[in-house]
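The structure appears below as structure tokens.
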Amino acid sequence: MARRIVTVFGGSGFVGRHLVKRLVKRGYTVRVAVRDVESAHYLLPMGDAGQVVPWPCDICAPGDPARALEGAVGAVNLVGILYERGERTFDAVHVGAATRIAEAVAAAGIKRFVHMSALGADAESDSDYARTKGEAETAVLAAMPDAVIVRPSVIFGPEDDFFNKFASIGEISPVLPIIGAATPIDDGPRFQPVYVGDVAEAIAVALESPNAAGQTFELGGPYVYCFREIIELIPEITHRKRILMAVPYVLADILAAVLGLLPKPPLTLDQVRLLRRDNVCSGTCPGLAELGIEAQTVEAIVPTYLNRFRDGGRLKRFA
């Protein structure tokens with residue numbers, strides 16, 4: 001039987017590992033196109049021998065995306081960065097690479113393509129992250145009008161960089177920050193966190209659904225939370241008493257200016273600009289429900305992986 005190949009650009013990352021697992025279950029051979037092939041080897045046990053294929057690909061190099069797409073029936077672009085370093089700028093990765101991939105998909109005659117953007121993508125945004133995500137959407141649809149765009153809100157799951165980040169802060173600090181809260185009773189910006197498994201399932205469904213072609217899906221969880229409510233969950237789950245401190249944007253800018261100099265910054269000035277706007281679904285685009293997916297809740301999933309941050313670890317409850 002002929003292999004059905006789907007190329008996943010950036011498939012070794014957080015969303016990629018969950019998507020690869022779902023594509024394998026659907027019978028696809030998954031070509032994981034990444035710069036560092038070694039980083040994708042952990043995906044190999046997810047399928048039968050030869051079903052998951054790590055593939056060397058520099059998305060910024062002309063010709064590499066086209067080679068990664070040879071013989072494929074579908075493609076997904078998950079490539080994105082949270083901060084800039086050297087040549088890996090938002091413009092180069094979000095816009096340049098996405099354009100190159102979409103054009104290669106169209107040139108290969110591939111009809112099924114899903115591009116992962118972000119909730120809040122806006123070509124007019126003062127955040128470089130959101131601006132380039134918006135410009136990338138325009139470029140992708142110009143190259144391939146039938147492409148599916150998915151815009152997830154903050155994504156949570158066992159390997160996330162959101163709940164895990166604040167839980168790790170809570171391990172060593174008696175204080176947890178509420179960024180954007182102007183006063184001690186301010187709630188800060190709002191989010192609609194979405195489970196990584198639901199995002200991966202949405203991409204897999206959209207890849208196969210003819211009705212999804214050319215549509216933009218906003219992916220958010222079932223509930224909207226303010227920043228304070230999210231931070232309050234951390235000590236509740238980890239059983240650590242912590243002081244919640246309001247961090248107004250002016251102070252957040254100062255912190256980000258310093259932290260942004262680190263090799264892997266926990267906070268940047270551009271991320272603070274992002275936090276000045278709520279990150280919730282607009283209600284004008286279809287979402288998980290239209291793809292037949294019942295969204296998982298933060299309360300059901302997050303405690304299953306944050307319990308390792310408890311004083312004494314996962315087994316504390318059995319002591």
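The structure presented is a predicted model; accordingly, all values stated were derived computationally and were not measured.
- When all heavy atoms of F309 and A167 are compared, the closest pair comes out as CD1-CB, 3.5 Å.
- Counted within 6.0 Å of OH on Y223, heavy atoms from surrounding residues, nucleotides or ligands total 12 or fewer; the atom is thus considered open.
- Side-chain N/O atoms of S125 and S127 include no donor and acceptor closer than 3.5 Å.
- In this pair, F162 and F166 present their aromatic rings perpendicular. The plane angle is above 60°, beyond the 30 to 60° band.
- The existence of a salt bridge linking D160 and K165 is excluded, since no basic side-chain nitrogen approaches an acidic carboxylate oxygen closer than 4.0 Å.
- Just one residue in the list T7, L69, V8, V6 forms a side chain to side chain contact (heavy atoms under 4.5 Å, CB included) with R31, and that residue is T7.
- Cluster annotation: M116 and F113 are assigned to distinct hydrophobic clusters (Ile/Leu/Val/Met/Phe/Trp/Tyr, side-chain heavy-atom contacts under 4.5 Å, transitive).
- Residues F191 and V199 are members of one and the same hydrophobic cluster, defined by side-chain heavy-atom contacts under 4.5 angstrom among Ile, Leu, Val, Met, Phe, Trp and Tyr.
- Around the CZ atom of R35, the shell of radius 6.0 Å holds no more than 12 heavy atoms that belong to other residues, nucleotides or ligands.
- For the side chain to side chain contact (heavy atoms under 4.5 Å, CB included) criterion with C60, the lone passing option out of R100, E87, R88 is R100.
- Residues V93 and F9 share a single hydrophobic cluster, defined by chaining ILVMFWY side chains whose heavy atoms lie under 4.5 Å apart.
- The distance from atom CG of D186 to atom SG of C226, rounded to the nearest 0.5 Å, is 9.0 Å.
- Considering every non-hydrogen atom in both P235 and L176, the closest pair reads CD-CD1, 3.8 Å.
- For the 3.5 Å distance criterion, the side chains of R17 and Y42 qualify, holding a donor opposite an acceptor.
- Nearest heavy-atom pair across V154 and N279 is N-OD1, 3.4 Å.
- Annotation: ring-ring contact (aromatic ring centres under 6.0 Å, His included) contacts of H94 (sequence neighbours excluded): F90, Y129.
- One finds the CZ atom of R4 at 9.5 Å from the CG atom of L23 (value rounded to the nearest 0.5 Å).
- Listed here is the closest heavy atom pair of P193 and V298: CB-CG2, 3.9 Å.
- Contact check on R22 versus E201 returns a salt bridge, with a Lys/Arg side-chain nitrogen under 4.0 Å from an Asp/Glu carboxylate oxygen.
- Note that the CD1 atom of I234 and the CG atom of N164 stand 8.5 Å from one another [nearest 0.5 Å].
- In the model, T132 has no side-chain atom that pairs as donor or acceptor with a side-chain atom of D91 under 3.5 Å.
- The pair D126-R277 fails the salt-bridge criterion, with no side-chain N (NZ, NE, NH1 or NH2) lying under 4.0 Å from an Asp/Glu carboxylate O.
- Atom OG1 of T238 and atom CG of L306 lie 7.5 Å apart (nearest 0.5 Å).
- Side-chain N or O atoms of E208 include none that pairs as donor or acceptor with a backbone N or O of V205 at under 3.5 Å.
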Residues Y249, L275; criterion side-chain contact (heavy atoms from CB on, under 4.5 Å); working and verdict
CA-CA 9 Å; Y249 290 119; L275 289 171; 4.2 Å; yes

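- Scored by the ring-ring contact (aromatic ring centres under 6.0 Å, His included) test, Y28 finds no partners at all (sequence neighbours excluded).
- Here the closest non-hydrogen pair linking C281 and L119 is N-CD2, 3.6 Å.
- Here the side chain of D64 pairs a donor or acceptor atom with the backbone of D58 at under 3.5 angstrom.
- For the atom pair NZ (K264) and CG (L82), the distance works out to 12.0 Å, reported to the nearest 0.5 Å.
- Between atom CZ of residue F163 and atom CD1 of residue I230 there is a gap of 5.0 Å, rounded to the nearest 0.5 Å.
- Ion pairing between a basic and an acidic side chain is recognised when a charged N comes within 4.0 Å of a carboxylate O; K133 and E137 show no such pairing.
- When all heavy atoms of L288 and A295 are compared, the pair lying nearest together is CD1-CB, 3.7 Å.
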